[in-house]
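Here the structure is a predicted model, which means the values were calculated and not measured. Labels below follow one simple rule: chain letters A, B, ... track the order of the sequence lines, proteins then strands, and each chain is numbered from 1.
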Amino acid sequence: MLSQCVFSVETPVGPPVEIIRHTFASNLPKPVKRISLITGLHGDELEGLYICHRLIETLKSLEEQNAFKGEVHIYPAVNPQALETGTRLWPFFSVDINRTFGQTNTPSLPSEVSKVLLEDIKSNSDLAVDIHSSNLHLMELPQIRIIKGFEKKLVPLAKFCNVDLIWVHPHAEIFESTLGYSLNQAKIPTLVIETGICLRINKNYCEQIVLGILNLLQQTGILDGDEPQANIIPPKVVQPECVTMIQAKNAGLFVKQTEVGQIITEGEKIGTLIDPVEGKVLEEICSPCSGLLFTIREHPLTSKGTPLARIATEEPA
Amino acid sequence: MKEKVLSIPTAFGTPLELYKNSWGKSGHETLSIVSGLQGDHLNGIYLSSRLSQFLDSVVEGIDPNYTLKGQVISFPVANLNAIQSGSRLWPYDGMDMNLAFPGNPEGETSEALASAIYTHTMDSYWGLILQSAPPHYEDAPHIQVTKLDRRVKKLARDLQIDTVRKLNETPKVSLFHQWYAHDIITVTLSAGSPRTLNVQQCEALFQSIVNFMVAEKILKDKRKINPDENTKPRFYQPDDGVAVLAGTAGMFLKEVKVGTAVQAGQKIGEIRDIYSGKRREEITATADGFLVTLRQYPIVYEKEPIAIILTAKKSWMGYLPGS
């Protein structure tokens, strides 16, 4: 494994902030494919770091067996100062780096970082995977999110990744400043994985994705194909009209009564919304449909309109 | 008239209430003014309250010089929770509210607020967004636009502000973009730095907005004063903005004021090593021009912009002999 610094900046008080890329080179003169795995754009999303740790561990062993026909690049911590403080945003700038890709208006260090990172990934990749956890509010079942329009190329690749769900969702303009969208626009097929919740490591979900990414490497010819076929979950592929979101009708505290990954039936209770001051139950939250519960609210504080759960249904809602 | 346009219940009692100010009758071409999209942009909030005070006095007949002919709407405080938290963003959702437009009435708090503001202003003819510089910077008062068409140029001239800066596209989910896409003649007035109030700058911008309202006949000035013909705004293209970058990290001590003219090679300030106090780098202007943005917060990283200079390109007449 070769480690290179792709971006370095002096800090006011000490050692530089550096973004590192690890490379597992191909054994062939020309790699069959080059893949980049990126984690830590948001500093409070730690599951991607654990996934990278497990992958690096495994890939180092495979490197000794000359198993690489393609090239693997791992960017394990692309927002180092946010990771060190455990915050979503780069703290000094209060900026979400994953909202700065492709923007040119105001020169700033975060936009310089996103520019350099994007160019580096583009010049080293035929394929990319951007790994995220959810925010502090929602727990997510391992899933790949694909913006409508990109699904033709991405769904076949996403099926290799051992996720429970592939959610093809409508485009929203806010996505245009993200790394995933920018790479897909640049014709580098990029899968965006969402799993678990921020500031925690769900080991089972992470191991599931590690297996999926290794399978992706094998299926795309990057790793030698002599390995036995991994036992991969066939994901549920859902279109936008087959996702039902349950939102709070009141402000209060949501106390959940179920977990993601459950198949729930119409009318089944998901949780309770309570008034913490008056001691009243404001709402019993029941599922309006049957299907796979793939998102559940973990942060209890809600206001009207807050998402509480998402369900993938068989039929359009 | 202060009117509650949205009330959002909260878990612990007091609801969150969004207020709109309006003056004049509907049916006229309307000017909408929005400030406080970021909770620490205090100049805009102060300026909006100053305008409220003025327009109240006009409508109540206390101000002898003006009568209101058109309609004005203002949302002095857009990002209520961020302002109450004393921060740029609302810590609960960490969302930049200026990336939430056009919003969603059924969505979460920031989306619902954005939707209410957008809905109440979408029939306006003109739109003004009041903001401060990005975090750590100070802006000289100036106008920001994304298009320089005839209508926008007229608005800029009517405001009688010297500096008009054309930016590349703003995010599609910003209020600016949404207003513009709805054919509202939109500009941003940017001045000062976050978390600080510069009353002098606000007073100058207040007079600019009054000038604009008189020029567009939203207000009638009974004194029949001839408009100031001396202010001719200078229009800068995106490429005219030159960033001066820090080559080292440390503590930046500035030696110039924002809003002044600088010459190539002129010292802007220096960066000192925090441990030794020694000078690490002298920061100099890389071009002649107008210093529109300057670093205000002294701690800097390497490669950070220290200043933005709007370059003073000569017109072709400047190259003629004897000019």
Trainee: Would the number of heavy atoms belonging to other residues, nucleotides or ligands and lying under 6.0 Å from NZ of Lys148(A) be above 12?
Mentor: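 Correct, the count exceeds 12.
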Trainee: Taking Glu173(A) for its side chain and Val173(B) for its backbone only, find out whether a donor-acceptor pair lies under 3.5 Å.
Mentor: no
Trainee: Is the number of heavy atoms from other residues, nucleotides or ligands within 6.0 Å of NZ (Lys256(A)) greater than 12?
Mentor: yes
Trainee: So Pro307(A) and Glu108(B), do their side chains get closer than 4.5 Å, heavy atoms only?
Mentor: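 Result yes, sub-4.5 Å side-chain heavy-atom pair found.
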Trainee: Does any backbone or side-chain atom of Leu89(A) lie under 4.5 Å from a heavy atom of chain B? Answer side chain, backbone, both or neither.
Mentor: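 Contact with chain B involves the side chain of Leu89(A) alone.
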Trainee: Is it true that atom CZ of Arg280(B) has more than 12 heavy atoms of other residues, nucleotides or ligands lying nearer than 6.0 Å?
Mentor: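 It does: Arg280(B) CZ has more than 12 such atoms within range.
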Trainee: How many angstroms lie between atom CD of Glu304(B) and atom CD of Glu10(A), to the nearest 0.5 angstrom?
Mentor: 12.0 Å
Trainee: Chain A heavy atoms under 4.5 Å from Leu245(B): which part of the residue, side chain, backbone, both or neither?
Mentor: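 The answer is neither part of Leu245(B).
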Trainee: Can you measure from CZ (Phe12(B)) to CG (Leu253(A)) and round to the nearest 0.5 angstrom?
Mentor: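 Reported value, rounded in 0.5 Å steps: 5.0 Å.
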Trainee: Does any backbone or side-chain atom of Pro134(B) lie under 4.5 Å from a heavy atom of chain A? Answer side chain, backbone, both or neither.
Mentor: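 Interface part for Pro134(B): side chain.
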Trainee: Let me confirm one number: the CD-CD distance from Gln247(A) to Glu106(B), rounded to the nearest 0.5 Å.
Mentor: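 Gln247(A) CD to Glu106(B) CD: 7.0 Å, rounded to 0.5 Å.
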Trainee: What is the minimum heavy-atom distance between Ile299(B) and Pro12(A), and which atoms define it?
Mentor: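 In terms of heavy atoms, the two residues are closest at CG2-CG, 3.3 Å.
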Trainee: Compare every heavy atom of Ala11(B) with every heavy atom of Asp275(A), then report the nearest pair and how far apart it is.
Mentor: OD1-O, 4.3 Å
Trainee: Under 4.5 Å heavy-atom distance to chain A, tell me which part of Thr293(B) shows up: side chain, backbone, both or neither.
Mentor: neither
Trainee: Report yes or no: does Tyr275(B) contribute a side-chain atom to a donor-acceptor pair with the main-chain N or O of Val13(A) at less than 3.5 Å?
Mentor: yes
Trainee: Relative to chain B, which segment of Glu278(A) carries a heavy atom at a distance below 4.5 Å: side chain, backbone, both, or neither?
Mentor: neither
Trainee: Got a sec: does the NZ of Lys249(A) have more than 12 other heavy atoms crowding it under 6.0 Å?
Mentor: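 Open: at most 12 neighbouring heavy atoms sit under 6.0 Å from NZ of Lys249(A).
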Trainee: Can you tell me which portion of Ile308(B) sits under 4.5 Å from chain A's heavy atoms? Options are side chain, backbone, both or neither.
Mentor: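 Side chain only.
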Trainee: With rounding to the nearest 0.5 Å, note down the distance linking CG in Leu99(B) to OG in Ser177(A).
Mentor: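 The CG atom of Leu99(B) sits 7.0 Å away from the OG atom of Ser177(A).
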Trainee: Atom CG of Asp96(A) and atom CG of Asp96(B): how far apart are they, to the nearest 0.5 Å?
Mentor: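 So the gap between those two atoms works out to 9.5 Å.
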Trainee: Can you tell me which portion of Phe7(A) sits under 4.5 Å from chain B's heavy atoms? Options are side chain, backbone, both or neither.
Mentor: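 Just the side chain, heavy atoms under 4.5 Å.
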Trainee: Which region of Thr11(A), side chain (C-beta onward) or backbone (N, CA, C, O), has a non-hydrogen atom less than 4.5 Å from a non-hydrogen atom of chain B, or is it both or neither?
Mentor: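 Both the backbone and the side chain of Thr11(A) come within 4.5 Å of chain B.
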Trainee: About how many Å separate NE2 of His299(A) and CG of Asp93(B), when rounded to the nearest 0.5 Å?
Mentor: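 Rounded to the nearest 0.5 Å, the CG-NE2 separation comes out at 10.5 Å.
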Trainee: With no hydrogens and no angle check, is any side-chain donor or acceptor of His136(B) less than 3.5 Å from a backbone partner on Phe92(A)?
Mentor: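 Such a contact is found between His136(B) side chain and Phe92(A) backbone.
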Trainee: For Thr87(A), is it the side chain, the backbone, both, or neither that has a heavy atom closer than 4.5 Å to a heavy atom of chain B?
Mentor: neither
Trainee: Heavy-atom distances under 4.5 Å only: say whether Tyr92(B) touches chain A with side chain, backbone, both or neither.
Mentor: both
Trainee: Does Glu112(A) come within less than 4.0 Å of Lys303(B), counting only side-chain N to carboxylate O?
Mentor: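 Answer for the salt bridge query: no.
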Trainee: Can you tell me which of Pro9(B), Gly107(B), Ala243(B) forms the most heavy-atom pairs within a distance under 4.5 Å of chain A?
Mentor: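 Winner by heavy-atom pair count: Gly107(B).
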Trainee: Using non-hydrogen atoms and a 4.5 Å limit, figure out which bit of Val95(A) sits close to chain B: side chain, backbone, both or neither.
Mentor: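 For Val95(A), no heavy atom lies under 4.5 Å from chain B.
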